[in-house]
Amino acid sequence: ERLDEAPRHHAESDVLVLMEREWMRDTRRVYEDIRRRVEKRRGAEHGARDLLMSILAGFPDRLARRRQGSEYVLAGGGSAELASSSAVQNHEFILALDVDVRRDRKLPLIRLASAIEPEWLIDLFPDRVEDRSGVEWNRTAERAEAVSALVYDGLTIEESREAMPDAEAAADLLAAKALEQDLGRFLDRDELDALRARVVFAGLAPITDDDVRDAMREACTGLRSFAELEKADILEAIKARVPGVGRLRELAPERITLAAGRQVRVHYEAGKPPWIASRLQDFFGMTETPRIGSQPVVIHLLAPNQRPVQMTTDLAGFWQRLYPQIRKELSRRYPKHKWPERPA
């Protein structure tokens, strides 16, 4: 006969089911007498509660809480599965009174269980219940949250969460979790590499990994979630940490203005001279190669389809030696564009 087919008033404890079925007649008579006395004095509802609390008093270290389905988390660590034959199937908190460990099972099996209410732990063992509060990471929502919890022998029996934790603690936790992620989630790695190369070209102190981490922590100030951090300008925070950053625009400008007025971006790459790219027509009227300080930039001359036709650091020499032949080819392919004989 299955334990879960027990009488309705014993569906909260396998122990009470077994007491009714299997004890010797005299012992059972004593048990029944105790139960009747308790129920007469306290009422049926309170009598059942007192009997279950007495089981808790005898096994205070066997607490378990449902994780999902029939799986329970045990106080002190580990998990176990509640047997399908148990009469205690619909309770979040139980006492795992008999746990069977076998190698052929993924989880230990709770063969006997007794239901409890978490407030009984506070009534019977207030010294074993700890009140904890702090900031914890919500992995699903990817944010820091304020958490208050009552913990019994390492097992949370009650918990509340709030979306607005202490600002400083939230920022510290957010930074720690962000640094565990791929940095590319919060900033463009190519842009970071370009900034590093630009700083080195300018002769300023190189940007270190510590600078990046510290800038990440600073960017987390006042924030509590990845969603907010993804909108932050972390690259600007990194740049602000560079000693002498005020001279960066002068020593390594982001853009250069061409003769026709067009501004083009300067690309910086580690170990390479800076370079710019624009349509060939944008350089008409120019005889000198643009420079940054004493360094000539590499010019990527583009056809109307934005594909490079030539790279050079000698614009005047290009007009003289290479442009006449390129002009013939491009004027046939793009007749609607201007191709003057004397572009300089």
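One-based numbering along the sequence shown.
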Out of curiosity, does I234 fall in the hydrophobic cluster containing F226 (side-chain heavy atoms, cut-off under 4.5 Å, transitive links)? yes
What are the two closest non-hydrogen atoms of S13 and V88, and how far apart are they? N-CG2, 3.7 Å
Closest approach of A113 to L97 (non-hydrogen atoms, all atoms of both residues): C-CD1, 4.2 Å
Should the pair H267 and W275 be assigned to parallel (<30°), tilted (30 to 60°) or perpendicular (>60°) ring geometry? parallel
Supply the atom-to-atom distance R198 CZ to L204 CG, rounded to the nearest 0.5 angstrom. 9.5 Å
Compare every heavy atom of L74 with every heavy atom of A96, then report the nearest pair and how far apart it is. CB-CD2, 4.2 Å
Quick one: side chains of residues 244-256, donor-acceptor pairs under 3.5 Å with protein atoms, not counting sequence neighbours, listed by atom name and distance.
none

Measure up the H337 and Y334 rings against each other and bin them: parallel (under 30°), tilted (30 to 60°), perpendicular (over 60°). perpendicular
At what distance, to the nearest 0.5 angstrom, does CG of L56 lie from CG of D61? 10.0 Å
Atom CZ of residue position R307 - does it have more than 12 heavy atoms of other residues, nucleotides or ligands inside 6.0 Å? no
So, are K106 and E81 salt-bridged, with charged N and O less than 4.0 Å apart? no
Separation of E71 CD from L82 CG (nearest 0.5 Å): 11.5 Å
Do you reckon I238 sits in the same ILVMFWY cluster as Y268, going by side-chain contacts under 4.5 Å, direct or chained? no
Going by an N to O cut-off under 4.0 Å, is there a salt bridge joining K239 and D233? no
